[in-house]
Amino acid sequence: MKRTDVTKEDNSLQHIAIIMDGNGRWAKKKGLPRSVGHKKGAETVKEITRAAGEMGIKYLTLYAFSTENWQRPPEEVETLMGLLREYLKSDLKELQDNGVRIVFIGERSMLPADIAEAMRKLENETADNQKMTLCIALSYGSRQEIVHAAQRIAVLAKRGDIAPEDIDAKMFAGLLYTKDIPDPDLVIRTSGEQRVSNYLLWQIAYAEFYFSDVLWPDFDRKCLEEIIENFNARERRYGKV
Ligand code: FPP
């Protein structure tokens, strides 16, 4: 079968997607409130973005807040929104200096209006940067993303704009939040958990996985380098022999 939904079939590493897990356990281990773990986790976001850019990674996608995370206690949601607010307002200069284009994927209507506005502004201001794309998954859920795409296809079909046979993987991928971003080559999850947690379900069809035991606040450039070395030693076959 011809595959039309990926941009390449080779061993190169252009897109890393990370599930940043373990902020809460990091704080607990130190006898600190969970909010301190998230704060340290936000610092790790900056360090890893910098490192990935310097290592020539073209796309980095980070899972900052899932649709399921809205169910956490209100004070924890507020802490995470506060950190995001701070991040969105403070980082423009560094992103510009390093040629980072920022894009957000997720359900924006659920976010506080000032955050949605800051996201739109940051996306516009960095739109022409070419060194690296930093994609932040925020209020993101992959099943919801796929359901939205299916709803849009149903509308097009109902209007008579498309016939059922027009629907293929390429068209479907073009209706996802990630339509302008190639599929991840490598998915990393920190903290020892081995789950996908509703992250990029469509896009990771042929991704390699790496589960690191390191808690996200302790994750650093060296951890990333070691994982990339491990990835480079793998052989990807994309279902072929
Ligand atoms: C998992 O830790 C992490 C999150 C729920 C979100 C990640 C958020 C950040 C790294 C901080 C803010 C992000 C940005 C982009 C500024 P957990 O709370 O699930 O940890 P646990 O499983 O140990 O409890």
Side-chain angles (χ1 to χ4, degrees), residues 16-53 57 59-95 98 100-108 110-112 114-123 126 132-142 177 187-200 210-221 223-224:
I16 300 179
I18 306 183
I19 301 176
M20 310 181 286
D21 198 6
N23 294 348
R25 274 162 287 160
W26 181 90
K28 193 169 178 209
K29 257 176 51 185
K30 294 184 157 17
L32 296 165
R34 290 176 62 82
S35 58
V36 180
H38 291 313
K39 205 164 185 315
K40 181 73 171 46
E43 284 168 29
T44 306
V45 166
K46 295 184 190 180
E47 179 180 348
I48 293 305
T49 303
R50 231 172 270 140
I57 302 301
Y59 297 87
L60 176 68
T61 299
L62 302 176
Y63 207 177
F65 194 88
S66 71
T67 38
E68 291 71 28
N69 287 155
W70 288 113
Q71 287 155 34
R72 291 198 175 193
E75 58 278 11
E76 181 158 344
V77 171
E78 200 32 64
T79 297
L80 286 164
M81 290 299 140
L83 284 168
L84 283 163
R85 224 174 243 119
E86 228 174 85
Y87 177 82
L88 293 170
K89 287 178 185 154
S90 72
D91 271 8
L92 181 61
K93 186 167 181 328
E94 179 165 355
L95 295 171
N98 294 323
V100 179
R101 173 175 76 122
I102 189 154
V103 296
F104 295 94
I105 56 171
E107 190 39 62
R108 298 179 191 219
M110 290 169 83
L111 291 160
D114 68 311
I115 291 190
E117 172 58 18
M119 286 159 59
R120 197 191 56 76
K121 217 165 144 237
L122 203 51
E123 279 181 327
T126 62
M132 181 174 82
T133 296
L134 172 62
C135 174
I136 299 189
L138 196 48
S139 189
Y140 175 84
S142 189
Y177 298 130
V187 177
I188 300 170
R189 183 173 190 142
T190 59
S191 88
E193 303 292 346
Q194 304 193 358
R195 287 190 291 276
V196 176
S197 301
N198 206 12
Y199 192 43
L200 303 170
Y210 191 101
F211 298 103
S212 164
D213 286 334
V214 178
L215 302 174
W216 178 249
D218 287 330
F219 195 82
D220 60 12
R221 173 187 294 259
C223 301
L224 186 63

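Read the numbers this way: they start at 1 and go in the same order the structure lists the ligands and their atoms. All values reported here derive from a predicted model rather than from experimental measurement.
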S.K.: Within this structure, what is the CE-CG distance for the pair Met81 and Leu88, rounded to the nearest 0.5 Å?
M.R.: 10.0 Å
S.K.: Take the angle between the ring planes of Tyr140 and Tyr199 and call it parallel below 30°, perpendicular above 60°, tilted in between.
M.R.: perpendicular
S.K.: Is any NZ, NE, NH1 or NH2 atom of the basic residue among Glu47 and Arg50 found under 4.0 Å from an Asp or Glu carboxylate oxygen of the other?
M.R.: no
S.K.: I'd like to check the side-chain contact (heavy atoms from CB on, under 4.5 Å) partners of Lys89; sequence neighbours left out, ordered by chain and number.
M.R.: Arg85, Asp114
S.K.: Would you say Lys40 has more than 12 foreign heavy atoms packed within less than 6.0 Å of its NZ?
M.R.: yes
S.K.: Mind checking whether Arg72 contacts ligand 1 via backbone (N, CA, C, O), side chain (CB onward), both or neither, at a 4.0 Å heavy-atom cut-off?
M.R.: side chain
S.K.: How many angstroms lie between atom CD of Glu117 and atom CG of Leu111, to the nearest 0.5 angstrom?
M.R.: 12.5 Å
S.K.: Check Trp26 against ligand 1 and report side chain, backbone, both or neither, counting heavy atoms closer than 4.0 Å.
M.R.: neither
S.K.: Could you measure the distance from the CG atom of Leu62 to the CD1 atom of Ile16? Nearest 0.5 Å is fine.
M.R.: 10.0 Å
S.K.: Among side-chain atoms of Arg189 and Ser197, is any donor-acceptor pair under 3.5 angstrom?
M.R.: yes
S.K.: As an exercise, state the distance from CG of Leu134 to OG1 of Thr61, rounded to the nearest 0.5 Å.
M.R.: 8.0 Å
S.K.: For atom 12 (C) of ligand 1, which protein heavy atom lies nearest, and how many Å away is it?
M.R.: Ala42 CB, 4.1 Å
S.K.: In the protein, which heavy atom is nearest to atom 4 (C) of ligand 1, and how far is it?
M.R.: Met20 O, 4.0 Å
S.K.: Should Tyr63 be counted as touching ligand 1, given the test is an N or O pair under 3.5 Å?
M.R.: no
S.K.: What residue and atom, counting heavy atoms only, is the protein's closest point to atom 14 (C) of ligand 1, and at what distance?
M.R.: Leu84 CD2, 4.0 Å
S.K.: Report the nearest protein non-hydrogen atom to atom 20 (O) of ligand 1: residue, atom name, distance rounded to 0.1 Å.
M.R.: Gly24 N, 3.0 Å
S.K.: Phe65: heavy atom below 4.0 Å from ligand 1, yes or no?
M.R.: no
S.K.: Going by the order shown, which atoms of ligand 1 are within less than 4.0 Å of some heavy atom of Gly41?
M.R.: 10 (C)
S.K.: Give me the residue, atom name and distance of the protein heavy atom closest to atom 22 (O) of ligand 1.
M.R.: Arg25 NH2, 2.9 Å
S.K.: Tell me whether Gly22 reaches ligand 1 (any heavy atom closer than 4.0 angstrom to a ligand atom).
M.R.: yes
S.K.: Please write down residue, atom name and distance for the protein heavy atom closest to atom 6 (C) of ligand 1.
M.R.: Ala64 O, 3.1 Å
S.K.: Which atoms of ligand 1 are found less than 4.0 Å from any heavy atom of Trp216?
M.R.: 10 (C)
S.K.: Below 4.0 angstrom, N of the basic side chain to O of the carboxylate: do Arg195 and Glu68 qualify?
M.R.: no
S.K.: Starting from atom 11 (C) of ligand 1, find the nearest protein heavy-atom neighbour and note its residue, name and distance.
M.R.: His38 O, 3.6 Å
S.K.: Under 4.0 Å, heavy-atom basis, I'd like to know which part of Arg34 is in contact with ligand 1: side chain, backbone, both or neither.
M.R.: side chain
S.K.: Looking only at protein heavy atoms, which one is nearest to atom 2 (O) of ligand 1, and how far off is it?
M.R.: Asn23 N, 3.3 Å
S.K.: Going by side chain to side chain donor-acceptor pair (under 3.5 Å), name the residues that satisfy it together with Ser191, two or more places apart in sequence or in a different chain.
M.R.: Asp21, Arg25
S.K.: Pairs of nitrogen or oxygen atoms closer than 3.5 Å, one from Tyr87 and one from ligand 1: do any exist?
M.R.: no
